[in-house]
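Beneath this line is the structure, given in structure tokens, with notes to follow.
Only heavy atoms go into these numbers, but all of them, side chains included; no hydrogens, no water, no symmetry mates. Letters go in sequence order (proteins before strands), and every chain restarts at 1.
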Amino acid sequence: MENRVNVLFTKQIKIVNFGIQSFYNDNKKQGVPSVHVDWKPVAGGNKELESILDDIL
Amino acid sequence: MAITKEEINAANAEVLKIILSAKPTLVGMGTAGEDIPGMTPTTILHSGPPVDWEHMSGPQKGAVIGALMYEGLAKDDKEAEALAASGKITFDPCHHHFAVGPMAGIVSYHMPVFIVENKEYGNKAFCTFNEGLGKVLRFGAYQPEVIDRLKWLEKELYPIVKEALSITGEIDLKAMIAEVLQMGDDGHNRNKAGTSLLFRKLAPAIVQTHFTEEQKVKALKFIDSNDHFFLNLTMPACKCTMDATFCDVNPKTKGSTIVATMARNGYEFGIRVAGLGQKKWFTGPAEIVDGLYFPGFTAADANPDVGDSCITETTGIGGFCMGAAPAIVQFVGGTPEDALNYSRQMYEITEGEGTTYKIPALNFRGSATGIDIRKVIKTQIRPVINTGVAAKKPGVGQVGAGIVHPPMKCFEDALKDFKATYLE
């Protein structure tokens, strides 16, 4: 079976980048059409704060 | 019994209603000693959360020294410093006295103050005159020229503007702030339009006062030459708007997670939350402003973030309306698109949108209003503040301008306190 990832790389790639902005910046520098989604884990991954939010948000 | 999500949402909706229905109005002028509750001849008010003399930043210490000399409580800086450290002076945040002050935010007994009343809720807020740029008290300068200017503000400009305001009558600041956002101001760091509009109101009245031609010309030139003159009116306008949201003022906002105060003293950044009351500050170390520095200065010259002026962002203007002020990026760095993005991003962490304060470039969308500590923690997006940078060395003045944020610790501590108050 043909590897679909390899097929993907034969075409013009369009990237949706989540989280770390430097990945987006690098793609943009190389002229790859990209959009960046400013995403972070809920409460920055802090479990104590996340559990408070579960009760009140 | 633990509070429910529905009760929190209802309290937050109430806070938003109070913010949006506020009617901040300039009703006149007075002096700190006569009009600000709790002032004594030996009280010095400062910006930000509570701080003692030992921990005050350079500009704030310099401004205290200047104020003590201005009040005649010390004859020189050495004597003023000794008095400030002696324990005989009462230091208290402006925010504990219905007042706000830009940068060092120092207010002393004889200083003239604008009196702004929230006509919807009846509470008042106070702010001194803006002294202009360069060597000024709010940046910690206390040279003779600074003290002379403070004396002139008290002895000449104050009676002129006071009499002028008795001729103009009350000035609707909400309408004026709404208008300046349509004219390229953000309401915090760019005040050219605001100062111009105020000048248009005041000038015809000033010429009708009983003072000499020379005094009136000097007063008009001073207001005209200071682009930030209007800042000291947007700040108390926002202050009296937000003070009406505290649950110890209005029980309907009990359980609200909306931020009612953001302020910095150059040492710490502090926030207060409507549903947690006026007595609780949640603080973290003040950060260095990221921005553009004036020629000859770098970030190494900068004092950490200082001033009460971010009461504007707390109310939904300032950095939250950066998209309304594209020219400001030449002052703080970035591009007009960055300015729009800052404004757009703030909708992620707020309860609602303004009905009066609007951003033309976002199709007149109301500005993001009512910072919700839950949303800040969830998204990890911190409020954006558009601000000036004070030199850490007293008396040097402004060394730049840029963007800064409250430390996340303020919101984390507030959320934990909310849990202890309402869930346990």
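Looking at I8(B), the atoms closer than 4.5 Å to chain A (heavy atoms on both sides) all sit in the side chain, from C-beta outward. Residue contact with chain A, scored on non-hydrogen atoms closer than 4.5 Å, involves the backbone and the side chain of I377(B) alike. Looking at E50(A), neither its backbone nor its side chain comes within 4.5 Å of chain B, counting heavy atoms on both sides. Contact of Q345(B) with chain A is made through the side chain alone, with heavy-atom distances under 4.5 Å.
Taking the charged nitrogens against the carboxylate oxygens, E287(B) and R382(B) do have a contact shorter than 4.0 Å, which makes a salt bridge.
At a threshold of 4.5 Å between non-hydrogen side-chain atoms, the residues E412(B) and L49(A) count as touching.
At a cut-off of 3.5 Å, with distance as the only test, a side-chain donor of T387(B) or R264(B) sits close to an acceptor on the other residue.
A cation-pi geometry, defined here as NZ or CZ lying under 6.0 Å from the six-membered ring centre and within 45° of its normal, does not hold between R374(B) and F418(B).
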